[in-house]
Amino acid sequence: MKTTDKEFFRIINYINKKYGISLIGKRALVEKRLDNVLTKTQCSSTDEFMDLIEKEEYELLDNILISEMLTNHTFFMRESSHFDILNQIILPKLKKCINQQEGIRIWSAATSSGQEAYTINMILQDYFGEEAKAWTMKVVGTDISQTMLDKAIAGDYTKEEMETVPDKWKSKYFIRKINGDYKINDYVKANIVFKKQNLIEPIFFDKNFHVIFLRNVLIYFDIGIVNKIVDKVADFLEEGGYLFIGLTEILDINSTKLKYIQPSVYRKL
Ligand SMILES: C[S@@+](CC[C@H](N)C(=O)[O-])C[C@H]1O[C@@H](n2cnc3c(N)ncnc32)[C@H](O)[C@@H]1O
C-alpha cells in the first residue's frame, strides 16, 4: 500500500506518541505491513483506519495495528549467552543469599510470544531440579501486544518454533501434539504470569526483580526514550540485580543508574 506523506506521518506519529517506537526510516516496511492492517480491519484507506482509531480509541484496532507494525520476532534460547550467565553466575549467587520463601523474581519485559519467559523458567527448573518445588519462583512476561500475549498464554508452538529447544527440554517441559507441534506443560506455566505493559507508561509491581530481561526492544525507541525506559525499569531491580539488553543494543551508561558489566549486561550496585 503506497502512502502519501500525510498518511505516512499520520500513522507513524500515532505509533510514536502511543508506544515510543520510531518508524521514520522504515516507510517501505510500514507500507507493506499496512496492507495487512487494512485487510484485517476491512478499511479501504489509511485515513479511514486512522479516523476510526483516533476517534474511538478502539482497543481491537490498536491491537491489530501494533501486532502488525511492531517487530515481534523471538525464539527459544535467543542470545543464549545470557542464559549461561543466569545459570552459572546469577542463580548460584541468589541461591546463597536468598531464602526459599522470599524466592526469585525475574521479569521478561517485551516478552513477545513468551519464548523468552519460558526459557528463563526452564533454566530455573533445571538449575533447582528436585528443590524447585520448595522455592518461590516468579517469572513475569509483559508486552504491549495482546496478540503476542495471547500466544504466550496459550503456550502453543509449532515444530519450526521449537527448533532451538534442546531435545531434553522438549520431553521434560512440553507436550507433543499429534501433528508434531508442541504445548508447554502446566508445570512450566505454573509460576509465569503474562500481562500487558506499555514500557513508556507508568509501571507498577509490588516487588522488585532480581533479574530483568529487556532485550531487542530498545533498538526501536529514540535515544531519549531509551534512557527514560531504562531508568524506570532499573527502579524495579533489586540492589545487585542484573539487567540484560539485546546483544546488539547499547546503553548510554552515564545517564543510567546501572553499572556496566560486559556488553549487554548491567547491574544495579
Ligand atoms: C523483537 S521482540 C523481542 C522479544 C524478546 N525480548 C527477544 O529478545 O526475543 C520486541 C517486542 O517488544 C514489544 N514492544 C514494542 N514496543 C513496546 C512498548 N512500548 N512497550 C512494551 N512492549 C513493546 C513488541 O510488541 C515486541 O513483542
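Every number for a ligand or one of its atoms is a count from 1 in the order of the listing.
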- Gln146/Asn63 under side chain to side chain donor-acceptor pair (under 3.5 Å): CA gap, chis, key distance, verdict: CA-CA 6 Å; Gln146 192 56 49; Asn63 190 41; over 6 Å; no
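For the pair Asn72 and ligand 1, the shortest N or O to N or O distance does not fall below 3.5 Å. Of the N or O atoms in Ser145, none lie within a sub-3.5 Å distance of an N or O in ligand 1. In terms of N/O distances under 3.5 Å, ligand 1 is approached by Glu116. Taking any N or O of Tyr220, backbone or side chain, none lies under 3.5 Å from an N or O belonging to ligand 1. Ligand 1 has no nitrogen or oxygen under 3.5 angstrom from a nitrogen or oxygen of Ile200.
Here is the list of ligand 1 atoms found below 4.0 Å of a heavy atom in Thr74: 4 (C), 5 (C), 7 (C), 9 (O). Counting atoms of ligand 1 from 1 in the listed order, those under 4.0 Å from a heavy atom of Val217 are 12 (O), 14 (N), 15 (C). Atoms of ligand 1 found under 4.0 Å from any heavy atom of Ser112 (numbered from 1 in listed order, with element): 4 (C), 27 (O). Ligand 1 places these atoms under 4.0 Å from at least one heavy atom of Tyr19: 19 (N).
Ring geometry for Trp169 against Tyr173 counts as perpendicular: the plane angle is over 60°, on a 0 to 90° scale with 30° as the lower cut.
Contacts with ligand 1 closer than 4.0 Å are made by side-chain heavy atoms of Ile21 only, the backbone lying farther away. With a heavy-atom cut-off of 4.0 Å, His73 touches ligand 1 through its backbone alone. Of all the heavy atoms of Phe221, the ones lying under 4.0 Å from any atom of ligand 1 belong exclusively to the side chain. Residue-level proximity to ligand 1 for Gln197 is carried by the backbone, the only part with a heavy atom below 4.0 angstrom.
Ala110 O, 3.4 Å is the protein heavy atom nearest to atom 5 (C) of ligand 1. When only non-hydrogen protein atoms are considered, atom 17 (C) of ligand 1 lies nearest to Ile144 CG2, 3.6 Å. Scanning the protein heavy atoms around atom 20 (N) of ligand 1, the nearest turns out to be Leu199 N, 2.9 Å. Protein heavy atom closest to atom 11 (C) of ligand 1, with residue, atom name and distance, is Asp143 OD2, 3.6 Å. The single protein non-hydrogen atom nearest to atom 8 (O) of ligand 1 is Asn216 ND2, 2.8 Å, given as residue, atom name and distance.
For Lys259, the NZ atom counts as loosely surrounded, since its 6.0 Å shell holds 12 or fewer non-hydrogen atoms of other residues, nucleotides or ligands. More than 12 heavy atoms of other residues, nucleotides or ligands lie within 6.0 Å of CD1 in Ile223, so this atom counts as buried by the packing criterion. By the neighbour-count criterion of 12 heavy atoms within 6.0 Å, atom NZ of Lys183 is densely surrounded, having more than that number from other residues, nucleotides or ligands. Heavy atoms of other residues, nucleotides or ligands lying less than 6.0 angstrom from CD of Gln42 number 12 at most. In this structure, Lys133 places its NZ atom where only 12 or fewer heavy-atom neighbours from other residues, nucleotides or ligands lie under 6.0 Å away.
Closest heavy-atom approach to atom 26 (C) of ligand 1 among the candidates Leu70, Asn198, Thr71: Thr71. Across the listed options Met69, Gln146, Arg78, His82, Arg78 owns the non-hydrogen atom lying nearest to atom 7 (C) of ligand 1.
In this structure, Arg27 forms a cation-pi arrangement with Phe8, its terminal cationic atom sitting closer than 6.0 Å to the ring centre and no more than 45° off the ring axis.
You'll find the ring centres of Tyr182 and Tyr157 outside the 6.0 Å limit.
For Ser112 (side chain) and Asn72 (main-chain N/O), a donor-acceptor pair under 3.5 Å exists by modelled atom type.
Checking Phe194, Tyr187, Phe76, Phe174 one by one against Tyr118, the ring pair (Phe, Tyr, Trp, His ring centres under 6.0 Å) holds for a single residue, Phe194.
Leu86 and Phe75 end up in different hydrophobic clusters when Ile, Leu, Val, Met, Phe, Trp and Tyr side chains are linked at under 4.5 Å.
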